[in-house]
Amino acid sequence: MKNMPWDEDLWQRLKDAISPMPPFVRQRALRTLIEAGETFARERGSEVVQEEDLIKAAKTKTPALTRQRMLDALAEMGIGVEAAEETK
Amino acid sequence: MKAAAPTLVSFAVTRECNLKCKHCYSQSVDSPHPRELNTAEAKRLIGQIAEAGAHLIILDGGEPLMRPDIFDLVRHSQSVGLTTVMGTNGTLITAEVAAKLVEAGIQALAISLDGADEETHDAFRGVEGVWEQTLRGIENVRQAGIPFQIAPTLRHGRWEQWGAIADKAKEWGATAVEVFDYVPVGRGEEYPEFEMTVEERRAFVREYIARQRAEDEMVYRCVALPQFWVEVEKTVPEDEVLTKFVRSCCAAGTRYCCVLYEGTVYPCMVLQEKAGDVREQSFVDIWQKSEVFQILRDRDRLEGKCGRCDYRYICGGARCRVYAKTGSLTAEDDACWFSEEELKR
Ligand code: SF4
């Protein structure tokens, strides 16, 4: 699914965050997040996807219906806790 | 620790039930609790659950269809934006009831089935003839087009039947099978002999993984057996983990909690340490501030083997079973089969 390197700890926490979601919700959401996260990393000239890329992807590219759920799930794993709060 | 919104909350709308299941965690009997939340209180609670940011509510009991205002509660929970599902024994679902559930807006049902045959199911459910009634209920649900899952409880000596139950579930058109590991709480305290051994649990988990790997449509989930996820991570290729497997526990107090018919809030239906009472405090306050939830959310407070484990934030041990046996929310889960070496991630 990944097309470039991800920060290892970030990738693990992303996997943990999405693992409770139903597969049909998760598969689409994950594809979108990975693509967008990698695009944002490239745009900033980074060779590795970092937390800021994933947060930006979650905030801007997750479909509106599942956005808060995704941000909450990431926050539970310690990713972008402030971002999850801001959107509430 | 700051609370993320709950993903799902179960609301046991009544303790009244037409069956006498041996493992009943809510000690259900044939009459409502004298202090059962009335319709207005139940609706207020449902509103607060939505306000807390929950996505999904499970209306269960007791048998939720024993409650006269149940369709009204389903309608209300829909109107406040909650995905609304119901946990039922299925025996009261006539074609007419199924049609009313559709009209009220129910989105899915979980139907308990504790054996692959009449004898096993009826013996566990405590009433003869229940198997037939449950099957009729399932057929009515199917005819009405309501998505449903089958929910068996695993127990010592009989756990292998789950495979045959899963086969039947698929044949009947269920979307998922949610398997419960037996936890001796509520009425179940009287039957500790139903608890599976560690070896049985491990054998089940291996079967479960093999089954999910071979399956593209049916989703399997399991409750009260969080170690299964560690086994998944250790044995299943990453792509399959990402697309097929669901980590369904332990979410007690972190993504899930349960409210009983008279307003008591517990971290889980099988982890019965009081976190609050919705007649004294709003659900939102309880979810965000309860000391019990704070303890469960902070996995760095876990002790012993669980405290040293790299998987503590995704497994954390079966807090329900640990609590039932030791009275502690943070003690290690002595049913864990992994060695210390295997607990390095
Ligand atoms: S030690 Fe505890 S947290 Fe770790 S896998 Fe075993 S039960 Fe789960």
Side-chain angles (χ1 to χ4, degrees), chain A residues 1-35 37-38 49 54-55 57-59 62-88, chain B residues 1-8 51-56 81 83 108 147 149 175-176 178 212 215-221 223 226 228-230 232-233 236-251 253-256 284 288 297 299-300 310-316 345:
Chain A
M1 273 184 181
K2 292 183 289 182
N3 291 307
M4 65 184 281
W6 282 60
D7 174 87
E8 239 175 76
D9 176 57
L10 180 70
W11 177 248
Q12 187 58 60
R13 285 189 289 152
L14 170 62
K15 286 197 308 181
D16 292 347
I18 55 139
S19 56
M21 293 178 186
F24 65 92
V25 174
R26 190 203 303 169
Q27 286 168 16
R28 260 192 53 206
L30 192 61
R31 214 165 291 132
T32 313
L33 275 187
I34 291 173
E35 270 174 32
E38 294 182 350
V49 182
L54 177 59
I55 300 302
K59 279 175 81 172
T62 322
L65 213 60
T66 49
R67 187 174 306 141
Q68 190 61 52
R69 185 171 180 179
M70 181 58 79
L71 287 167
D72 283 344
L74 293 173
E76 199 194 323
M77 290 299 152
I79 306 171
V81 180
E82 304 79 25
E85 283 309 305
E86 276 165 27
T87 53
K88 280 182 183 165
Chain B
M1 183 170 282
K2 183 81 184 81
T7 305
L8 72 157
E51 204 186 309
H55 308 286
L56 193 147
T83 299
Q149 65 179 42
T175 54
E178 184 159 54
Q212 185 68 85
E215 178 64 71
D216 285 324
E217 279 158 27
M218 181 79 93
V219 175
Y220 299 112
R221 283 191 292 269
V223 178
F228 93 94
W229 193 259
V230 181
V232 166
E233 264 206 28
V236 180
E238 183 176 83
D239 273 9
E240 278 184 61
V241 178
L242 286 172
T243 51
K244 284 184 170 184
F245 284 80
V246 181
R247 178 168 64 91
S248 44
C249 59
C250 174
T254 61
R255 298 188 308 277
Y256 163 78
V284 179
Q288 288 176 352
R297 280 169 199 155
R299 299 277 172 94
D300 290 336
D310 287 350
Y311 293 92
R312 66 189 178 282
Y313 270 87
I314 55 155
C315 168
R345 210 171 182 191

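First the proteins, then the strands, lettered A, B, ... as listed; each starts at 1.
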**OP:** Would you please test B/Arg255 and A/Asp72 for side chain to side chain contact (heavy atoms under 4.5 Å, CB included) and show each step?
**Re:** CA-CA 10 Å; B/Arg255 298 188 308 277; A/Asp72 283 344; over 6 Å; no
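- Only the side chain of A/Met77 comes within less than 4.5 Å of a heavy atom of chain B; its backbone N, CA, C and O stay farther away.
- Residue B/Arg345 qualifies as enclosed at atom CZ: its count of foreign heavy atoms under 6.0 Å is above 12.
- Considering only heavy atoms from C-beta on, A/Lys15 stays 4.5 Å or farther from B/Ile314 through its side chain.
- Between chain A and the residues B/Leu242, B/Val232, B/Thr254, the largest count of heavy-atom pairs under 4.5 Å involves B/Leu242.
- Both the backbone and the side chain of B/Thr243 come within contact range of chain A, with heavy atoms under 4.5 Å apart.
- Taking CD from A/Gln12 and CG from B/Asp310, the interatomic distance works out to 10.0 Å, rounded to the nearest 0.5 Å.
- By the 4.5 Å heavy-atom criterion applied to side chains, B/Val246 and A/Arg26 are counted as neighbours.
- Here the CD-CE distance, from B/Glu238 to A/Met1, works out to 9.0 Å after rounding to the nearest 0.5 Å.
- With contacts defined as side-chain heavy-atom distances shorter than 4.5 Å, the pair A/Pro23/B/Val219 qualifies.
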